[in-house]
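Note sheet for the following structure.
Just so it is clear, the values below take in all heavy atoms, side chains as well, and ignore hydrogens, waters and symmetry mates. None of these values were measured; they are calculated from a predicted model.
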Amino acid sequence: MTGVLQAASLRLMAHSKASNLGLITLRSFSVSPSLAQKKECKVLIVGGGSGGCALAAKLSSKLGKNNVIVVDPADKHYYQPMFTLIGGGMKTVEQSYKPMAQVLPKNIEWIKEKAQHFDPNNNTVTTSSGQEIKYDMLLLAAGLQLNYNKIPGLMDALAIPNGKVCSIYSPLYVDRTYNCLRNIEEGNAIFTFPSSPVKCPGAPQKIVYISEHYFRKMNKRNKINVTYNTALPVIFGVKHYADALWPIVKKRNIQVNTRRNLIEIKPESDIAIFENLDNPAEKFEEKYSMLHVVPPMSTPTELANCKELVNEAGFVDVNKDTMQHVKYSNVFAIGDCSASPNSKTAAAAAAQSPVVYNNMMAVLKGKSCNKVYDGYASCPLVTGYKTCILAEFDYNLNPLETFPVPQNKERYSMFYMKKDLMPLLYWHIMLNGYWNGPALMRNMLSVFKFGKN
């Protein structure tokens, strides 16, 4: 009997070893648990989000195996633009992510830790385990962190099972939004936009339109007041699209209050407290039956603490044209953590990627940066379950539209593109380093734009 058990044990060990070898063969990059205290690389990328993955693919393809290290502690890579649709019940959380190991390039090294300390004067980054990484060039793609704890009472409200407070911005809470839509029968549905930079600044009002449409579909709209309290002085930063949105909110009886910022929640009494940003002494208490909260956001604390790299607001201090750091020539940034004054969207990261890549390669060769980012960003403003306004614009908040039709109108075609086509483009083209934004398509379609208004 003992011999049988030993033989079985040996077979299991052999099978396990073969399986492990198979896994190693399947993915040639390594996930380093900090076996060595010091590492060196040609390019270090901090952050495995949209911009980090796209640049890792581009750079590793050019520089070859084991010349690029990506530092990111996350197990999952989320397609965050899908969160709004999840909030409206059109998609599920499971459809919004893939394992990080699946989206990172095969020939990079992935260190599954947080970047803890930055020392640009010595070209090093130290991880949460104390591992020091020395780089020739650093790309900061750290994104934004969600500061739910900055609003008193919010974490308590989000901890209430089947509660009335929700948020589409985190995979931890996005499902609560659809639950709130189904549970509310009457009263006040309040939606917020915080007094801070946010990723995808159109999302806070997209969920307003989706929710209002849901209430109409369920024949309970006449019992629910819909209010959008935004800290901004306008409904949308680009006038071309704001002028199209105001008639929509008026027609659908959505109350919009500008310069109104959420400062506290009292979950025990379902009260939200707002301040008037033009007169902070003026406070408003509003009773809610549903409250959708967009949390204040900032760059990750560890990055913001490195004063050599960031500006006063905590964002990586780059030249907005080249995305190169204003002080350290071997440091670049991409995406939400950069101080470039563009709208923080995945589309912006896509448009930045060829600029950042070409400028990084130029510096590695001892040349100066010669590619320029125009500030392009895109925001598909979903206005319901079948309609969308595709906003595209540049640094100067002027429209920079791709298609030969007026994009400041609600269209099903734009909704279909947002819901079904963009996720495919993201997973299969952008993250593999092949999507550089729609500039080429825009140029090709420009011949059809004669007479567009």
Practice item. Would you check, one step at a time, whether the test side chain to side chain contact (heavy atoms under 4.5 Å, CB included) holds for Val363 with Phe332? Key: CA-CA 10 Å; Val363 172; Phe332 287 79; 3.9 Å; yes
Exercise for review: Under the side chain to side chain contact (heavy atoms under 4.5 Å, CB included) rule, what do Phe415 and Thr387 come out as? Steps first, then yes or no, please.
Suggested key: CA-CA 5 Å; Phe415 174 81; Thr387 53; 5.5 Å; no
**Study point:** Stepwise side chain to side chain contact (heavy atoms under 4.5 Å, CB included) test for Asn257 and Phe274
**Key:** CA-CA 11 Å; Asn257 298 313; Phe274 295 84; over 6 Å; no
Practice item. Check step by step if side chain to side chain contact (heavy atoms under 4.5 Å, CB included) holds for Lys91 and Lys419. Key: CA-CA 9 Å; Lys91 296 282 187 177; Lys419 178 175 177 286; 3.9 Å; yes
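Not less than 6.0 angstrom separates the ring centroid of Tyr228 from the ring centroid of Phe191.
Heavy-atom minimum distance, Val70 versus Gly48: CG1-CA, 4.4 Å. Nearest approach of Ala203 to Tyr169, heavy atoms of both residues: CB-OH, 3.4 Å. Taking all atoms of both residues into account, the shortest heavy-atom contact from Lys418 to Pro380 is CD-CB, 3.9 Å. The heavy-atom pair separating Pro296 from Lys150 by the smallest distance is CG-CB, 4.1 Å. The shortest heavy-atom contact between Ile210 and Gly88 is CG2-CA, 3.7 Å. When all heavy atoms of Cys53 and Val103 are compared, the pair lying nearest together is SG-CG2, 3.9 Å.
A salt bridge links Arg260 with Glu286: the closest approach of a Lys/Arg side-chain nitrogen to an acidic carboxylate oxygen falls below 4.0 angstrom.
The aromatic rings of His213 and Tyr385 sit perpendicular, their planes meeting at an angle over 60°, well past the 30° parallel limit. In this pair, Tyr173 and Tyr148 present their aromatic rings perpendicular. The plane angle is above 60°, beyond the 30 to 60° band. Ring geometry for Tyr178 versus Tyr214: interplanar angle over 60°, hence perpendicular rather than tilted (30 to 60°).
Partners of Asp156 under the side chain to side chain donor-acceptor pair (under 3.5 Å) rule, at least two apart in sequence or in another chain, do not exist in this structure. Residues that satisfy the side chain to side chain donor-acceptor pair (under 3.5 Å) test with Asp394, not counting sequence neighbours, are absent from this structure. Applying the side chain to side chain donor-acceptor pair (under 3.5 Å) criterion to Asp374, with sequence neighbours excluded, gives no partner residue. Residues satisfying the side chain to side chain donor-acceptor pair (under 3.5 Å) test with Asp317, not counting sequence neighbours, are none.
Using a 4.5 Å cut-off on side-chain heavy atoms (C-beta onward), Asn229 and Leu262 make no contact. Side-chain atoms of Phe403 and Arg411, non-hydrogen and from C-beta on, never get closer than 4.5 Å to each other. Residues Asn147 and Pro295 fail the side-chain proximity criterion, which asks for heavy atoms closer than 4.5 Å. With a 4.5 Å cut-off on side-chain heavy atoms, Pro120 and Tyr135 count as touching.
The structure places CZ of Phe284 at 10.5 Å from CD1 of Ile263, a figure rounded to the nearest 0.5 Å. Here the CZ-OG distance, from Arg176 to Ser167, works out to 10.0 Å after rounding to the nearest 0.5 Å. Rounding to the nearest 0.5 Å gives a distance of 10.5 Å between CG of Leu140 and CE of Met323. Taken to the nearest 0.5 Å, the CG atom of Leu303 stands 9.5 Å off from the CZ atom of Phe315. Taken to the nearest 0.5 Å, the CG atom of Asn408 stands 8.5 Å off from the CG atom of Asp243. Considering CD of Glu401 and CZ of Phe393, their distance stands at 11.0 Å, rounded to 0.5 Å.
Side-chain atoms of Gln324 come within 3.5 Å of backbone N or O of Ser329 as a donor-acceptor pair. Side chain of Asn330 to main chain of Asp136: a donor-acceptor pair is present (N/O by atom type, distance under 3.5 Å, no hydrogens or angles). Of the possible donor and acceptor atoms, one in the side chain of Lys283 sits under 3.5 Å from a partner among the backbone N and O of Pro280. Of the possible polar contacts, one joining the Asn319 side chain to the Thr322 backbone as a donor-acceptor pair under 3.5 Å is found. In this structure, the side chain of His325 engages the main chain of Leu309 through a donor-acceptor pair within 3.5 Å. Of the possible donor and acceptor atoms, one in the side chain of Gln95 sits under 3.5 Å from a partner among the backbone N and O of Thr92. Between the side chain of Thr227 and the backbone N or O of Ile190, no donor-acceptor pair lies under 3.5 Å. No side-chain donor-acceptor contact under 3.5 Å links His292 to the backbone of Thr177. Listed for the Glu113 side chain is a donor-acceptor partner under 3.5 Å among the backbone atoms of Ser129. For Glu109 (side chain) and Asn66 (main-chain N/O), no donor-acceptor pair under 3.5 Å exists by modelled atom type.
For Lys386, the NZ atom counts as loosely surrounded, since its 6.0 Å shell holds 12 or fewer non-hydrogen atoms of other residues, nucleotides or ligands. Within a 6.0 Å sphere centred on OH of Tyr434, heavy atoms belonging to other residues, nucleotides or ligands number 12 at most.
Using modelled atom types, one finds a donor on one side chain and an acceptor on the other under 3.5 Å when comparing Ser340 with Asn342. With hydrogens and angles left out, the side-chain atoms of Tyr426 and Ser50 include a donor and acceptor closer than 3.5 Å. Between the side chains of Asp119 and Thr126, not a single donor N or O lies within less than 3.5 Å of an accepting N or O.
Here the options are Met137, Lys62, Met361, the test is side-chain contact (heavy atoms from CB on, under 4.5 Å), and the partner is Val43; only Met137 passes.
The list of side chain to side chain donor-acceptor pair (under 3.5 Å) pairs with a residue in residues 303-312, not counting sequence neighbours, is empty. Judged as a side chain to side chain donor-acceptor pair (under 3.5 Å), the pairs with a partner in residues 190-209 (not counting sequence neighbours) are, in order, Gln80-Lys199, Gln205-Tyr209.
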